[in-house]
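A short write-up of the structure that comes next.
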Amino acid sequence: MTDSAPITSDVRVRIAPSPTGPLHIGTARTALFNFLFARHVGGTFVLRLEDTDVARSSLAYEKDILDGLHWLGLTWDEGPGVAGEEARGPYGPYRQMERLPRYAEAADRLRAADRAYPCFCTADELEAERKRLEAAKLPPRYSGRCARLTEAERAAFVAEGRWAALRFRVGEGVVAFDDMIRGRVEIDVANIGGDYVIVRGDGTPLYHFTVVIDDAAMRITHVIRGEDHLSNTPKHILLFQALGEEIPRFAHLPLILNPDRTKMSKRKSQTAIGDYISEGFIREGLVNYLALLGWSTGTEEELLGLEELCARFELEAVHKGGAVFDRERLEWLNGQWIRRLTPGALVERLQPFLEAERVAGRIDRAPSEDEILALVPLVQERLPVLGAIGDLAGFLFVDRLEIDPALLTPKRWDTATTRSGLVAAREVIAAAGSVAFEADELEPPLRALAEARGWKAGDLFMAIRVAVTGRTATPPLFDTLVALGPERTLARLEAAIALLPDDPT
RNA sequence: GCCGCAUUCGUCUAGAGGCCCAGGACACCGCCCUCUCAAGGCGGAGAUCACCGGUUCGAAUCCGGUAUGCGGUACCA
């Protein structure tokens with residue numbers, strides 16, 4: 001499969017998630033686009049964990065992210081060691097907290113070259129300054145108060161016990177770059193807010209700093225990330241230059257949006273990949289859908305597997321505008337892929353969902369593999385998500401069926417007709433079943449019964465359906481009866497009949 | 001506020017000067033199939049291509065402006 005794709009190009013891309021939350025839809029899409037780009041050109045796909053926000057990072061999130069990417073089939077060529085395994089790749093470690101000495105070395109270098117300087121301003125001072133600017137209707141910007149401190153003044157602050165953050169000197173000029181998706185972007189550094197902090201007072205490095213050092217150290221050639229980083233790009237370019245590193249190419253992907261067109265967020269949308277997995281979206285559907293959010297082949301084809309996506313993906317064909325996440329379309333695509341699964345594969349994927357139904361107490365026993373296999377023809381085209389299996393076929397695995405008596409009587413029937421219909425049906429089914437309990441043996445006599453009594457076959461069937469399943473929407477009736485087996489079919493008919501008054505007045 | 005990016009049916013998108021009074025898909029509506037639900041087939045409705053000016057014989061496509069939206073503007077990532 002794709003995880004053993006040969007490396008035939010110098011292209012190196014990365015996905016750099018921060019383990020401060022479960023794998024997010026947007027991160028997954030960015031990872032997918034990086035992966036597709038790498039595979040398309042025969043490049044290398046690197047995974048790096050940006051865990052410098054120690055307070056919010058956790059191992060549980062890290063695991064969720066790694067598992068999620070694996071589940072999607074986005075295997076990386078280089079990345080951190082997990083579960084006792086060695087890290088893979090020549091540019092490790094791939095966790096930023098294990099790379100601290102490298103950031104310290106780079107910080108020293110910038111400091112020595114006077115491209116960065118210690119800033120002794122306190123949070124309160126900075127806050128006051130920001131307020132002053134805001135009141136004067138000026139853009140927030142660091143004044144540069146500490147930029148020209150003499151060594152003596154610095155020593156005085158240190159003696160005072162103040163801790164210094166390290167600020168990068170921004171200088172003047174215009175930073176320009178050719179975004180692979182948006183074309184030329186030019187930003188005057190006067191607008192990026194002044195000299196910015198690259199190392200905190202406590203000595204830990206900040207994102208804008210680590211991302212540049214690592215992208216350079218890991219020889220990343222193309223930075224493919226979300227549009228929310230577009231405005232930050234000049235900060236990165238300035239650092240690449242100051243460090244004497246080659247500047248990678250940039251490609252900023254359009255954002256995935258909430259229905260109200262704001263950046264997709266946990267508050268307004270379901271963003272955790274894990275939640276989609278537990279609902280029963282399958283990787284083929286999710287990958288296909290995500291790939292089409294912001295990209296298209298340029299043709300009218302839209303059912304594309306990972307292999308095909310790798311072959312066809314073009315970064316230049318990515319859209320510029322944000323895309324609203326459309327769950328209905330995802331469900332449709334997911335259903336398409338479920339229908340394309342082989343029976344064996346569907347059985348395998350259904351098993352955990354049936355087991356979950358059992359654990360939740362919605363069914364009394366989880367069916368065997370063979371039982372599920374027999375079910376596949378009845379359910380395969382009726383599952384938008386695997387999790388729908390409980391609603392669709394759960395009645396087969398419950399010991400005591402709950403029936404809403406109100407549903408038992410078909411729309412055009414009264415309870416007396418329903419009762420006699422079910423009584424007669426029970427006889428017919430018992431008789432037919434004694435020959436062979438098969439769909440072909442059951443249907444003709446029941447149709448004949450309806451005709452003899454002047455009933456619409458559909459009404460009779462509906463009464464039977466509700467009697468044996470408790471539902472008005474089920475897989476085809478006769479296949480359902482067969483799946484249920486003769487004993488349970490007859491017992492359920494009996495129980496349903498008992499629910500109907502035998503002398504309605 | 002400032003800076004940046006964006007703007008084609010409700011949604012995802014095709015479209016790179018004439019093939020477009022704009023094509024496909026999801027959703028929606030109708031019909032067919034049909035024991036229900038799906039699936040599938042057929043058809044329908046749905047976009048004055050944000051707006052205004054320009055360039056051109058001709059613009060959704062090129063240029064300028066405006067509007068709106070979003071993003072960024074942290075000792076978060």
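Just so we're on the same page: letters track the sequence lines, and every chain starts at 1.
- Using a 4.5 Å cut-off on side-chain heavy atoms (C-beta onward), A:T472 and A:M462 make contact.
- A donor and an acceptor atom, one from each side chain of A:T469 and A:R465, are nowhere located under 3.5 Å apart.
- Base engagement by A:G201 is indicated by at least one non-hydrogen atom pair under 4.0 Å involving a base atom.
- Distances were taken from every side-chain heavy atom of A:L293 (C-beta onward) to each of B:A25, B:G71, B:C12; the shortest belongs to B:C12.
- OP1 or OP2 of B:A14 has at least one side-chain nitrogen or oxygen of A:H319 nearer than 4.0 Å.
- Distance from the side chain of A:R182 is smallest for B:A6 among the nucleotides B:C35, B:A6, B:C75.
- Of the P atoms belonging to B:A22 and B:C2, the separation is 40 Å, rounded to the nearest Å.
- A:L383 comes within 4.0 angstrom of nothing in the nucleic acid, heavy atoms only.
- The phosphate of B:C35 has neither OP1 nor OP2 within less than 4.0 Å of any side-chain N or O from A:R412.
- Side-chain nitrogen and oxygen atoms of A:R225 include none within less than 4.0 Å of the OP1 or OP2 phosphate oxygen of B:A77.
- With both pairing distances under 3.5 Å, B:A14 is matched to nothing as a Watson-Crick or G-U wobble pair.
- Nucleic acid contact class of A:T52 (heavy atoms, under 4.0 Å, all strands): sugar-phosphate only.
- For A:T262, the side-chain atoms get nearest to B:C70 when compared with the rest of B:G40, B:C70, B:C5.
- Defined by atom type and a distance below 3.5 Å, a donor-acceptor pair is present between the side-chain atoms of A:Y117 and A:D195.
- Residue contacts shown for A:S296 are limited to sugar-phosphate atoms, with no base heavy atom under 4.0 Å away.
- Residue A:R382 places a side-chain atom within donor-acceptor reach of the base of B:C37, judged by atom type and a 3.5 Å distance cut-off alone.
- Residue A:P17 is classed as having no contact, given no heavy-atom separation below 4.0 Å to the nucleic acid.
- Distances shorter than 4.0 Å separate none of the side-chain N or O atoms of A:R200 from OP1 or OP2 on B:A74.
- Taking 4.0 Å as the cut-off between side-chain N and carboxylate O, A:R362 and A:E357 count as a salt-bridged pair.
- Distance noted for atom P between B:U7 and B:C63: 13 Å (whole Å).
- Under the 4.0 Å criterion applied to side-chain N and carboxylate O atoms, A:R471 and A:D391 are assigned as salt-bridge partners.
- In terms of position on RNA chain B, the residue among A:A164 and A:E381 whose nearest nucleotide sits closer to the 5' end is A:E381.
- Looking at heavy-atom distances under 4.0 Å, A:E316 makes no contact with the nucleic acid at all.
- Nucleic acid contact class of A:D326 (heavy atoms, under 4.0 Å, all strands): base.
- With a 6.0 Å radius and a threshold of 12 heavy atoms from other residues, nucleotides or ligands, A:E134 has its CD atom at or below the threshold.
- Distance CD (A:E328) to P (B:U11): 13 Å, rounded to an integer number of Å.
- For B:C35, the base has a donor-acceptor partner in the side chain of A:R465 [N/O atoms by modelled type, under 3.5 angstrom].
- Note on A:T472: a base of the nucleic acid sits closer than 4.0 angstrom, heavy atoms only.
- For A:P139, counting side-chain heavy atoms from C-beta on, the closest listed nucleotide (B:G1, B:C3, B:C75) is B:G1.
- The residue A:P475 sits close to a base: some heavy atom pair falls under 4.0 Å.
- Here A:N232 lies in heavy-atom contact (under 4.0 Å) with a base.
- Applying the Watson-Crick and G-U wobble criteria (two distances, each under 3.5 Å), B:A60 pairs with nothing in any strand.
- For A:Q380 and B:C37, the shortest distance from a side-chain N or O to OP1 or OP2 is not below 4.0 Å.
- Nucleotide B:G30 forms a pair with B:C42, judged by Watson-Crick or G-U wobble geometry with both contacts under 3.5 Å.
- The backbone N or O of A:D326 lies less than 3.5 Å from a partner atom in the side chain of A:Y289, making a donor-acceptor pair.
- For A:V324, whose side chain is taken as the heavy atoms from C-beta onward, the closest listed nucleotide among B:C37, B:U11, B:C3 is B:U11.
- At a threshold of 4.0 angstrom between heavy atoms, the contacts of A:A323 are confined to the sugar-phosphate backbone, with no base atom among them.
- In this structure, B:C51 forms a base pair with B:G65, meeting either the Watson-Crick or the G-U wobble geometry with both donor-acceptor distances under 3.5 Å.
- Under 4.0 angstrom from either OP1 or OP2 of B:A27 there lies no side-chain N or O belonging to A:R329.
- Nucleotide B:U36 has no partner under the Watson-Crick or G-U criteria, as no pair reaches both atom distances under 3.5 Å.
- Residue A:R471 is out of contact with every strand shown, counting any heavy-atom pair closer than 4.0 Å.
- Here the separation of B:A45 from B:G69, taken at their C1' atoms, is 28 Å to the nearest Å.
- Base pairing annotation: B:C19 forms no Watson-Crick or G-U wobble pair, as no partner gives both donor-acceptor distances under 3.5 Å.
- Shown here, B:C2 forms a base pair with B:G72; the pair counts as Watson-Crick or G-U wobble because both key distances fall under 3.5 Å.
- Contact annotation: A:K263 side-chain N/O to B:G69 OP1/OP2 distance is not under 4.0 Å.
- Residue A:L477 is classed as a base contact, given a heavy-atom separation below 4.0 Å to a base.
- Remark: side-chain polar atoms of A:T271 are not paired, donor with acceptor, to backbone N or O of A:H24 under 3.5 angstrom.
- A donor-acceptor contact closer than 3.5 angstrom is absent between the side chains of A:D214 and A:T210.
- Remark: A:R141 is not in phosphate contact with B:G72, judged by side-chain N or O atoms under 4.0 Å from OP1 or OP2.
- A:G335 comes within 4.0 angstrom of nothing in the nucleic acid, heavy atoms only.
- Nucleotides B:A47 and B:U8 place their C1' atoms 7 Å apart, quoted to the nearest Å.
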